[in-house]
Amino acid sequence: MARPAKAEINLDALRHNYRLACKVAPDSQAVAIVKANAYGHGAVAAAQALQAEAPVFGVACIEEAMELREAGIQQPILLLEGMFSAEELAVARQQGFWVAVGHRQQIEMITQAASGQALKVWLKLDTGMHRLGVQPGAAVELYRLLAESDNVADGIVLMSHLACGDEIERPQTPKQIQCFADTLAAISAVADELGQRVETSLANSAGTMAWQDCRRSWNRPGYMLYGGNPFGHSQENADQLQPVMNLRTAVIALRDIAIGECVGYGASWCAQRPSKIATIAMGYADGYPRVVKPGTPVLIHGQRASIVGRVSMDMITIDVTDLADVQLGDEVLMWGEGLSVDEIADCAGTIGYELLARMPARVPRVYLGK
Ligand SMILES: Cc1ncc(COP(=O)(O)O)c(C=O)c1O
């Protein structure tokens with residue numbers, strides 16, 4: 001029998017979540033964001049599962065885009081950080097990749113390239129996140145440079161990214177929306193003069209689910225496709241998401257320990273009552289965070305049991321004293337249906353995005369619902 005640690009990936013749930021992203025924003029199209037190996041779920045499998053519905057996929061870099069092309073994905077693929085060299089630009093043109101550009105050098109790389117296949121370009125605007133994007137004051141000039149170039153296809157997409165879309169009460173998102181709208185108005189005047197169309201894109205998952213004014217020509221949902229809830233609390237649309245990854249393993253050892261006996265490295269947890277301890281095949285080398293706080297839950301027989309002692313590289317110990325009849329080989333859920341990755345991330349002082357995206361190759365992905 002193989003080691004029982006595995007990440008079950010429910011592709012029906014992935015499709016359900018993609019459809020939800022489309023349903024909540026019926027006037028937009030949704031780019032399916034599958035960067036970082038589809039947030040750890042397997043980019044090729046995720047893209048294949050969505051290829052009948054998603055018009056475009058979004059990745060971070062050309063290597064991720066080529067992986068999808070080589071697997072037979074034919075849609076346009078948006079490079080969210082654009083291209084890093086003239087060679088990458090040539091590949092992007094040849095492969096029909098779309099490029100997001102966020103500074104003058106990237107833009108001039110396109111406009112000064114030899115004429116040839118016209119590229120679909122997304123012009124990234126810094127509306128306040130201050131990470132990537134051209135400044136609002138330079139946007140009209142840079143838009144014109146692109147729009148007047150034969151190397152650029154009609155329908156340039158003005159895009160920006162939200163810093164705080166997951167925090168509804170904070171003022172940043174309305175400010176970003178306003179900046180976006182003001183810059184769009186100025187750019188649209190130039191587009192009209194040149195007889196061109198402008199498309200728009202502002203929403204990530206949080207923007208798609210919660211911010212009506214962020215829903216534009218193109219939304220860019222990522223985390224929500226995998227069933228993650230970016231808000232950290234109940235939200236009308238997020239409550240309808242289905243977890244895609246079930247991280248599972250099984251009990252590989254069981255023992256009774258007496259009061260005062262301690263468990264695991266550093267003897268950090270000691271029994272205060274006669275206890276039954278289950279050891280499971282899962283550790284930080286399987287992507288489970290070592291830093292989870294004491295009492296972090298797992299599910300056994302659908303019931304919660306607590307992690308006790310330190311998470312080691314390949315194993316974790318669980319207090320199953322209060323659970324009836326736990327046996328060797330019994331299945332254990334680390335996160336997924338009934339125990340959200342967001343809750344476990346919270347116990348580790350991080351976000352579910354990180355836990356999913358860091359899922360290592362050693363954990364076999366088992367695909368359901370192909
Ligand atoms: C530019 C851009 N768009 C969209 C996304 C998807 O965001 P989310 O996973 O929050 O939906 C990301 C993710 O970081 C991004 O960088």
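Counting starts at 1 for both ligands and their atoms, following the listed order.
The residue among E81, R220, R131 with a heavy atom at the shortest distance from atom 16 (O) of ligand 1 is R131. Looking at N204, N219, T208, D166 and measuring to atom 7 (O) of ligand 1, the nearest heavy atom belongs to N204. Of the candidates S205, S160, A60, S205 brings a heavy atom nearest to atom 11 (O) of ligand 1. When the options H161, M209, M159 are ranked by their closest heavy atom to atom 12 (C) of ligand 1, first place goes to H161.
In this structure, the protein non-hydrogen atom closest to atom 10 (O) of ligand 1 is Y353 OH, 2.6 Å. Atom 9 (O) of ligand 1 has its closest protein heavy atom at Y39 OH, 2.6 Å.
With a 4.0 Å cut-off on non-hydrogen atoms, K124 touches ligand 1 through its side chain and not its backbone. Of all the heavy atoms of M224, none lies under 4.0 Å from any atom of ligand 1, so neither backbone nor side chain is involved.
Residues H41 and R365 fail the side-chain proximity criterion, which asks for heavy atoms closer than 4.5 Å.
Results of the side chain to side chain donor-acceptor pair (under 3.5 Å) test with H161 over R220, K124, Q176 single out R220 as the only residue that passes. With V99 as the partner, the side-chain contact (heavy atoms from CB on, under 4.5 Å) test is satisfied by one option alone out of L123, V121, V152, L80: V121. Shown are T200, T208, I177; of these, the side-chain contact (heavy atoms from CB on, under 4.5 Å) with C214 is made only by I177. Evaluated for a side-chain contact (heavy atoms from CB on, under 4.5 Å) with Y223, the options L241, V341, I351 yield exactly one hit, V341.
Below 3.5 Å of separation, one finds an N or O of G222 facing an N or O of ligand 1.
Ligand 1 places these atoms under 4.0 Å from at least one heavy atom of K35: 12 (C), 13 (C), 14 (O), 16 (O). Every atom of ligand 1 with a heavy atom of Y223 under 4.0 Å away is listed here by number and element: 8 (P), 9 (O), 11 (O).
For the atom pair CD of E63 and CG of L79, the computed distance is 9.5 Å after rounding to the nearest 0.5 Å.
For Q272, the CD atom counts as loosely surrounded, since its 6.0 Å shell holds 12 or fewer non-hydrogen atoms of other residues, nucleotides or ligands.
S115 and R93 get closest at one heavy-atom pair: C-NH2, 3.7 Å.
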